[in-house]
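Please read the structure below before turning to the comments.
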Amino acid sequence: MKNKKDQTAFHFMLAPSMIFLIIFSFIPMFGIVMAFQNYIPAKGITGSSWVGLDNFKFMLQIPDSKQIFANTIIIAVWKIIVGTIVSIVFALLLNEIRVRFAKRFMQTVVYLPNFLSWAILATVVMNIFSYEGPVNAVLSWFGIDPVLFMASNTWFRPMLVLTDVWKGFGYGSIIYLASLTAIDPGLYEAASIDGANRFKKLWYVTLPGLMPTILLVTTLNLPNVLNAGFDQIFNLYNPLVYQTADIIDTYVYRVGLVERQYSLGTTVGLLRSVVGIILILSANKLAQKLTDYRIF
Amino acid sequence: MTVKFRRKCSILMAALLAVAVVGCSSGESGAPNTATSAKMDDPKWKEAITTPFGAYPETVTYSVGQMATNFSQLAGSPYAKDNATNNVWTRYFKDKLNVQNTSKFEANDGTDYNQKVSMAIVSGDIPDIMVVPDYSTLQQLYENDLIADLTDVYNNAASDRIKEIYDSYGGRVLDSAKFDGKLMALPTTEISHGPGILWLRKDWMDKLGLQEPKTLADVEHIVSEFVAKDPGGNGAGKTVGLVVDNENVAGISGGQYSFNNIFALYGAYPKQWMDDGKGNAVYGSIQPAMKPALTKLSEMYKKGLIDRQFAVRTGDDRKALLTSGKSGSFLDNWWGSWIVADSLKLNKDAKWVSYVAPQSEDGSLTMFTGNPSSSFLVVRKGFEHPELAAKIVSLQYDYQRYQEKDEKTLKEFSDYNSMNVAGSPIVINIDYYDAFYRNVGIMRDALETGDTSKLVSNQDINAYNSYKGYIDSIKKGDKPDPNAWAGYTASITTASLVEKSNIKEVNPLFFGSTPSMALKWPTLTKMELEMYLKIITGEQTPDDFDKFVESWNKTGGELITKEVNEAIAAK
């Protein structure tokens with residue numbers, strides 16, 4: 001009871017973010033009723049006619065919906081897997097570097113792309129992988145025919161994963177670097193005395209020490225499975241690769257805003273949210289089970 | 001969190017919910033209109049209401065949603081203080097009709113403007129007069145009973161020339177704005193884009209000793225020589241073939257960077273509702289004629305005659321390829337010269353020439369005619385003077401263009417023109433269907449003889465002065481101004497070329513939308529687009545076209561075709 005005053009202050013500090021959340025996350029949620037209507041802007045939500053589950057039925061009927069859900073999940077899962085592995089490996093490698101200056105320098109360099117937006121990076125990527133770009137120039141030295149990476153349904157997904165990992169692995173490795181410092185140096189000393197070489201130390205000391213962090217981060221990434229990255233894909237894709245690159249977010253953008261099919265856009269978005277919340281809840285449960293950590 | 005705090009939160013939430021729901025309901029609009037009938041008893045008012053150019057006895061104010069004009073360009077001129085409600089046009093309207101506009105909203109042309117219109121409709125608070133950008137918006141306004149019936153207004157207060165102009169489209173334009181027999185808007189007239197034009201780098205052709213193209217084989221030959229022999233000095237393999245729009249490979253009237261001409265050679269008219277010969281409308285993109293055309297295009301792509309990277313290019317990329325000399329060929333329409341005007345700045349030797357090509361064996365070129373109206377001028381239901389729309393249109397597109405003789409006024413307009421400032425609160429265009437080549441002969445004669453007496457409109461006289469300037473600069477051996485070059489090449493050179501050529505027109509039957517289209521069309525267009533890109537780039541074989549047709553029909557195409565035919569029958 002003594003703390004009551006302090007708590008009020010904390011609540012007060014929470015207010016701005018609460019207001020932000022209400023205005024930008026809660027109020028717009030009422031818009032989901034549009035998914036059950038034939039929404040006409042002039043009539044508004046109260047005036048538009050109700051169509052029940054028609055929009056859902058149509059959504060399930062069109063070939064697009066399976067494709068976009070599959071794309072979303074495939075792209076996101078690959079990003080999480082590759083992203084996590086590369087981040088861990090990078091953190092481990094960095095940890096082995098003993099020269100402080102080199103370590104700092106490396107870290108800064110790989111960090112850099114994280115601070116650039118996809119609007120900028122997309123142009124860079126497009127140029128590097130274009131027909132006349134450096135990558136195709138190198139391929140041609142080996143007598144390989146030039147490949148249109150960004151217009152090929154075979155290559156586009158790997159490119160998405162690759163460029164996303166390139167942009168993010170520096171940032172992603174921070175948390176692993178941090179938890180590496182938490183491993184008891186005594187364990188390494190003990191391992192040395194037992195005659196372990198560098199690799200053995202890595203295998204028997206470092207990795208087990210990192211395991212809880214890896215598990216936690218991966219689990220917390222699970223809800224992002226439906227977040228395959230609007231910015232990146234929107235800036236990189238083109239109609240030819242809709243088949244493999246169109247994700248829920250880009251589809252909702254095109255259908256809902258560009259084509260003004262508000263109701264269909266909302267329907268697809270709503271389904272995404274439903275799947276999303278299931279994933280968040282199960283990830284939370286999983287995190288609690290595996291690492292004894294929970295968000296709520 | 002304490003219980004009390006939680007309760008507070010939930011109250012707050014409930015309040016916000018209430019606000020949100022109330023905010024969404026649309027307000028009632030428009031009061032019943034009784035004042036007009038009283039005014040009809042007064043002869044002065046009656047004359048103003050029933051004639052195109054009669055001035056109102058008292059100033060009438062109207063609110064308008066308008067496209068923003070960049071008045072800052074007027075800085076330093078005598079008009080530096082002009083703005084949206086006081087400029088050459090609004091003063092002209094005030095002077096002639098005794099009307100004054102107030103601005104309800106202003107937005108840049110394009111998406112910004114369309115969004116503002118959507119917002120106005122969503123809020124149920126629309127300006128007295130505004131231009132809406134497409135048919136579905138017009139339909140929405142009509143169905144929601146937000147706009148006034150302009151049937152009588154058009155009959156009484158539109159000038160004879162305006163009616164004549166609309167009639168030059170044979171009813172197609174006005175019909176597009178009619179609902180249940182009532183004229184609900186004054187439609188924009190989309191002047192004919194003319195046939196597709198092939199633009200080639202003449203200096204490259206001369207360097208390689210190439211002849212003018214006629215058939216598709218000629219075109220292929222020229223482009224393959226461009227790509228193989230690199231006359232632009234881009235380095236081996238760096239010259240790009242025909243530049244193409246990745247989202248509109250074909251099927252848009254006046255299609256920029258599109259293959260309309262090549263499809264037409266095979267009798268295919270993608271994206272058009274064509275007559276199947278028995279009076280039924282069929283969708284052009286699923287007709288058997290598409291297949292050989294697509295096969296041809298995929299062969300051309302394989303040979304490098306089409307930009308290999310077209311699928312990933314943006315609009316800026318396409319323009320840059322042409323202006324920077326990476327490519328020397330593209331299909332466009334008569335004003336394609338404006339696209340490549342910048343290449344004159346970058347390379348003084350660049351010389352673009354227009355051809356009516358590829359032609360069929362009998363030397364003709366077939367084009368499909370476009371949607372004759374793309375935007376609509378509407379009046380809010382309940383606005384006291386709906387006739388104002390017709391009066392303003394008549395003044396702006398008839399009187400000012402053809403009948404205004406006052407030197408001082410015309411000087412002011414031409415000053416605005418030369419500074420590239422629009423100013424009018426109402427931006428639509430109403431012009432003859434054949435406006436593009438209507439006057440080209442007269443203009444040519446005038447340029448040859450210097451006798452301008454036959455030029456009817458003030459617009460023509462302005463254009464004449466610009467062309468004259470271009471010709472003089474060429475004679476003097478000066479470097480022509482790129483914009484003057486583009487204007488002359490489009491409106492004189494290319495227009496003359498089209499005038500002399502054998503152009504056949506086919507008229508699509510339907511441009512509107514049907515109930516099922518609202519939901520299903522985006523999916524179908526996406527399928528269609530993927531089909532073009534995949535077949536042309538060789539990711540699918542032309543045989544996959546049949547699969548596309550099948551799934552197009554299944555995914556709602558069949559139903560929509562039926563609806564389109566019903567809609568045509570109901571007209």
Side-chain angles (χ1 to χ4, degrees), chain A residues 4 7-8 11 14 18-19 22-23 26-31 33 38 40-48 54-55 58 61-65 123 126 129-132 140 146 148-154 236-243 246 251 254-261 263-265, chain B residues 1-2 5 9 12-13 16-17 19-26 118-119 121-124 126 134 136-137 140-141 143-146 235 237-238 240 246-247 249 307-314 317 518-527 529-530 532-534 536-537 539 551 554-556:
Chain A
K4 208 182 170 196
Q7 279 208 2
T8 325
H11 285 316
L14 200 62
M18 284 297 285
I19 292 170
I22 287 167
I23 293 177
F26 282 87
I27 294 181
M29 253 167 51
F30 299 112
V33 298
N38 175 19
I40 295 168
K43 294 180 181 165
I45 287 178
T46 45
S48 297
D54 278 8
N55 290 319
F58 179 69
Q61 190 198 328
I62 52 178
D64 294 354
S65 46
T123 322
M126 294 286 238
F129 291 97
S130 77
Y131 224 65
E132 302 98 17
S140 69
L148 263 179
F149 292 97
M150 304 318 271
S152 146
N153 279 312
T154 331
L236 284 174
Y237 80 163
N238 60 74
L240 191 59
V241 292
Y242 280 170
Q243 187 195 334
D246 206 10
Y251 183 79
R254 278 205 324 276
V255 169
L257 289 174
V258 180
E259 311 265 3
R260 300 203 294 177
Q261 299 299 315
S263 288
L264 183 61
Chain B
M1 232 184 248
T2 60
F5 184 74
C9 273
L12 184 67
M13 286 283 294
L16 283 165
L17 191 143
V19 171
V21 171
V22 171
C24 291
S25 62
S26 58
S118 294
M119 292 301 288
I121 298 173
V122 170
S123 66
I126 63 170
D134 52 37
S136 62
T137 312
Q140 211 170 63
L141 284 166
E143 281 167 4
N144 291 292
D145 199 23
L146 289 169
K238 296 267 174 75
V240 172
N246 59 349
E247 299 209 17
V249 173
D307 175 13
R308 277 192 188 276
Q309 296 187 79
F310 82 94
V312 298
R313 304 272 194 209
T314 64
D317 292 345
L519 191 59
K520 296 178 175 160
W521 205 238
T523 305
L524 293 174
T525 32
K526 184 191 146 191
M527 275 169 56
L529 176 59
E530 284 183 306
Y532 291 123
L533 294 179
K534 285 187 177 165
I536 293 173
T537 59
E539 198 172 313
S551 67
K554 258 199 310 212
T555 320

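The structure displayed is predicted, hence computed values, not measured ones. Lettering follows sequence order; numbering is per chain, from 1. Basis for what follows: all heavy atoms, side chains included, without hydrogens, waters or symmetry-related copies.
Neither the backbone nor the side chain of A/Tyr237 comes within less than 4.5 Å of any heavy atom in chain B. Only the side chain of B/Thr537 comes within contact range of chain A, with heavy atoms under 4.5 Å apart. Only the side chain of B/Lys526 comes within contact range of chain A, with heavy atoms under 4.5 Å apart. For a residue to count as touching a neighbouring chain, one of its non-hydrogen atoms must lie under 4.5 Å from one of that chain's; by this rule A/Met126 touches chain B with the side chain only. Neither the backbone nor the side chain of A/Asp54 comes within contact range of chain B; no heavy atom of the residue lies under 4.5 Å from a heavy atom of that chain. Heavy atoms of A/Phe58 lying under 4.5 Å from chain B belong exclusively to its side chain.
Between the side chain of B/Glu530 and the backbone N or O of A/Gln243, at least one donor-acceptor pair lies under 3.5 Å. Checked by atom type and distance alone, the side chain of B/Gln309 never pairs as donor or acceptor with a backbone atom of A/Ser130 at under 3.5 Å.
Closest approach of B/Glu247 and A/Pro239 over heavy atoms only: CG-CG, 3.9 Å. Across all their heavy atoms, B/Lys534 and A/Asn153 have their closest contact at CE-ND2, 3.6 Å. Residues A/Ala151 and B/Val312 approach most closely at CB-CG1, 3.7 Å, considering heavy atoms. Between B/Arg308 and A/Leu148, the shortest heavy-atom contact is O-CD1, 3.0 Å.
Rounding to the nearest 0.5 Å places OH of A/Tyr242 at 6.0 Å from CG of B/Leu529. B/Glu539 CD to A/Thr154 OG1: the interatomic distance, rounded to the nearest 0.5 Å, is 6.5 Å.
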